[in-house]
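Report on the structure given below.
Values below: every heavy atom of this structure, side chains too, minus hydrogens, waters and symmetry copies. Numbered from 1 within each chain, the chains take letters A, B, ... in sequence-line order.
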Protein chains: 2
Amino acid sequence: MLPTIKDVAKKAQVSVATVSRVLHNLPGYSDITKQKVLKAIEDLGYQPNAIARGLINKRTQTIGVLFPNVSSYFSAGLLHGIEEVANERGFSVIVCNTDGKRTIKYLQVLREKQVDGIVFASEELKDEYYQALTDMRVPFVLVNNQSHKYSIPYIKVDDRQASYQATQYLIQKGHREIAMLAGTQSDPIAGTPRVEGFRQALSDYGIAFHESRIAYGDFLLEGGRIAMRRLLDEAAPFSALFAAGDEMAIGAMGVALERGLRIPEDLSIIGYDDLVIAQMVFPPLTTVHQPLTEMGQLASKKLITMIESSDPVSSSIVMHHIVERNTVKELNQYK
Amino acid sequence: MLPTIKDVAKKAQVSVATVSRVLHNLPGYSDITKQKVLKAIEDLGYQPNAIARGLINKRTQTIGVLFPNVSSYFSAGLLHGIEEVANERGFSVIVCNTDGKRTIKYLQVLREKQVDGIVFASEELKDEYYQALTDMRVPFVLVNNQSHKYSIPYIKVDDRQASYQATQYLIQKGHREIAMLAGTQSDPIAGTPRVEGFRQALSDYGIAFHESRIAYGDFLLEGGRIAMRRLLDEAAPFSALFAAGDEMAIGAMGVALERGLRIPEDLSIIGYDDLVIAQMVFPPLTTVHQPLTEMGQLASKKLITMIESSDPVSSSIVMHHIVERNTVKELNQYK
DNA sequence: GTGAAAGCGCTAACAT
DNA sequence: ATGTTAGCGCTTTCAC
């Protein structure tokens with residue numbers, strides 16, 4: 001049995017109340033008692049029981065984080081940031097991999113475990129989830145994700161604008177025949193807005209939009225490969241490609257290379273996300289950087305602010321930027 | 001305030017003991033009371049408080065996982081497996097990013113939070129950690145890591161053998177001039193054993209070992225790049241390279257490509273780990289597969305077995321295997 | 001300056 | 001079949 005506060009009290013020959021006082025640096029004991037207590041704690045190797053504390057304080061100093069897929073690079077980056085500031089502020093984090101179907105179940109678990117707040121990442125906030133979340137009466141924030149229906153603090157980049165700029169970047173490098181590898185068509189967060197940004201940029205620069213030059217993937221490597229083949233086989237020729245996710249961009253690079261296309265000489269590619277792999281592939285991928293760690297940090301900060309002060313916090317649109325590496329060629333005619 | 005068992009009892013007009021009984025499907029109540037209780041639970045939206053439960057049961061149904069770096073691909077894969085089976089068995093997981101220096105602090109937190117067990121991943125088990133761990137009196141397992149001093153269940157691949165086989169694979173493809181990109185020289189887990197396997201294979205096949213043909217990196221991309229340049233500049237020429245980690249292998253690929261070497265035509269490369277990126281680079285990397293998810297699953301299974309039965313469990317050497325992709329060329333003279 | 005005691009939400013032994 | 005009660009380890013009010 002681990003030593004409890006009672007053991008300490010007995011050993012120091014004081015009451016548990018006094019032990020508790022010195023534990024919390026509250027006033028009300030002589031210096032000599034303090035020493036006795038400290039010594040007893042030391043001798044016994046006593047450490048307070050956070051469970052018992054939590055029962056009284058109604059605070060567990062624990063937050064829950066829900067991801068659809070913990071092992072994606074994306075989640076890993078966010079988690080890193082979330083865990084970092086949570087830790088600094090004295091909170092632990094319970095990770096939950098919803099796999100897109102265990103969300104409700106996990107919310108229940110988190111409620112039973114009495115977490116003090118929740119980070120809800122990369123998944124659409126369905127009504128059902130919203131309901132469960134508000135029922136628990138703890139604050140929560142959305143990451144890489146936003147709700148139009150409810151006003152919940154969120155942290156994300158402006159997908160539409162980032163896509164616009166990625167497209168614009170290609171245009172400014174002299175490209176006019178540009179194809180797009182879009183994400184899941186139905187995805188209201190990372191799907192539609194990125195396509196809109198792309199189309200808007202083309203339109204603003206007076207470039208006709210060819211429906212054939214857009215193919216839909218699922219953000220994953222293999223989906224990117226398949227969509228890329230379709231593009232290469234069926235679309236009007238293009239000199240540049242905007243992929244709405246790095247994995248897809250990398251899949252596309254592979255397909256292009258297999259077909260003997262050199263990158264960027266024969267085909268320019270710009271990705272989206274700036275996953276760590278973007279700098280590992282050859283040639284290194286030019287892409288839109290999303291500050292994942294920072295987003296995670298912000299999420300924790302906002303959440304903990306809400307937990308500790310219960311006053312409302314604002315949402316954040318974090319800055320993306322284009323990281324120029326070696327997959328986009330400047331076309332001669334513009335030089 | 002969330003409803004408590006008392007609220008349910010009052011509403012159902014029974015005692016809390018009865019509510020507790022139906023909650024746990026224990027015998028001792030009529031069907032009619034059961035209905036009343038169930039209805040009250042439903043109406044109130046009651047969910048039990050796991051903190052209060054934990055205080056009594058001395059079980060929190062929570063495990064802690066310590067990683068030196070949560071956001072590495074490596075940890076992400078392990079975490080995935082760990083979380084998956086933990087969840088199936090009714091446990092939550094608290095992640096801790098030790099960053100190589102917060103280990104002791106985290107162990108303290110996990111103790112205070114009364115976790116039921118701990119997965120200690122990818123970090124050397126120093127005496128100090130061992131001490132803290134045993135002091136908490138909860139079971140723990142080691143992943144990708146092992147202790148020679150203490151007998152703690154661990155899960156890992158046989159690094160020495162895997163390296164031997166990777167080297168052997170190159171030899172069997174006809175290569176005799178083989179260089180190695182090793183990991184951190186002092187790393188007793190993933191460093192030394194891999195070098196030993198490499199040397200042993202060369203020796204067994206009667207190939208002389210050139211000290212110049214081995215360069216040390218740090219398992220990371222950039223370290224791999226630097227070491228590769230050194231190899232290319234200073235080592236006796238070689239037709240094949242064994243990199244003790246995929247990130248380093250990919251860094252080496254980039255350097256080779258930059259120098260105009262074609263892979264695998266001019267240089268064959270085999271990696272180690274089979275991180276998801278291995279299949280994303282071009283050409284796809286031949287490498288030694290480590291079943292990360294499976295290792296994570298095993299870790300959870302063993303740990304939970306220890307928690308629930310407190311009888312000892314064995315260690316596991318999990319199977320690696322070589323995944324043949326396109327970075328190793330079969331040399332003509334052997335055809 | 002210090003202690004006794006109530007109680008957080010729940011379980012389990014003991015009554016009835 | 002159902003209720004009463006004593007804690008689990010801690011915090012905190014109230015006495016002294």
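- A donor-acceptor pair shorter than 3.5 Å can be found between the side chains of A:E123 and A:T103.
- Listed pair B:R21 / D:dT2 fails the phosphate criterion, with no side-chain N or O lying under 4.0 Å from OP1 or OP2.
- For D:dA1, neither phosphate oxygen OP1 nor OP2 lies less than 4.0 angstrom from any side-chain nitrogen or oxygen of B:T18.
- Atom CD1 of A:I5 and atom P of C:dG3 are 12 Å apart (whole Å).
- Nearest to the side chain of B:Y29, among C:dT11, D:dT2, D:dC10, sits D:dT2.
- An OP1 or OP2 oxygen of C:dC8 is reached within less than 4.0 angstrom by a side-chain nitrogen or oxygen of B:K6.
- Checked by atom type, the side-chain pair A:T33/A:D31 shows no donor-acceptor distance below 3.5 Å.
- Heavy atoms of A:P27 sit nowhere under 4.0 angstrom from any nucleic acid atom.
- Comparing B:V16 and B:D31 against DNA chain D, the residue whose closest nucleotide sits nearer the 5' end is B:D31.
- Checked against D:dT11, C:dG9, D:dT2, the side chain of B:T33 finds its nearest nucleotide in D:dT2.
- Both A:L26 and B:K58 lie near DNA chain D, and the one whose nearest nucleotide falls closer to the 5' end is B:K58.
- Atom NZ of B:K34 is separated from atom P of D:dA1 by 13 Å (rounded to the nearest Å).
- When the side-chain nitrogen and oxygen atoms of A:S20 are compared with OP1 and OP2 of D:dC10, none of them lie within a distance under 4.0 Å.
- No side-chain N or O of A:N87 forms a donor-acceptor pair with one of A:E83 less than 3.5 Å apart.
- Separating the CD atom of B:Q47 from the P atom of C:dG9 is a distance of 15 Å, rounded to the nearest angstrom.
- When each of B:I51 and B:A17 is assigned the nucleotide of DNA chain C with its nearest heavy atom, B:I51 is the one assigned upstream, toward the 5' end.
- As rounded to whole Å, 12 Å separates atom P of D:dG9 from atom NZ of A:K10.
- One finds a side-chain N or O of A:S30 lying less than 4.0 angstrom from the OP1 or OP2 phosphate oxygen of C:dT2.
- Candidate nucleotides D:dC10, C:dG9, D:dT12 were compared by shortest atom distance to the side chain of A:N57, and D:dT12 ranks first.
- An OP1 or OP2 oxygen of C:dT11 is reached within less than 4.0 angstrom by a side-chain nitrogen or oxygen of B:R53.
- Looking at B:L66 and B:Y129, their side chains never come closer than 4.5 Å, going by heavy atoms from C-beta outward.
- Atom CD1 in B:I56 sits roughly 11 Å away from atom C1' in C:dC8 (whole-Å rounding).
- Side-chain polar atoms of B:Y73 and B:D273 form no donor-acceptor pair below 3.5 angstrom.
- Between B:R59 atom CZ and C:dC10 atom P the separation is 19 Å, expressed in whole Å.
- For the pair B:T4 and C:dG9, the criterion of a side-chain N or O lying under 4.0 Å from OP1 or OP2 is not met.
- If you measure from atom CG of B:N49 to atom P of C:dC10, you get 5 Å, rounded to the nearest angstrom.
- Classification of A:D135 and A:R111 as a salt-bridged pair fails, no side-chain N sitting under 4.0 Å from a carboxylate O.
- We find that CD of B:Q13 is positioned 14 Å from C1' of D:dG3, with the value rounded to whole Å.
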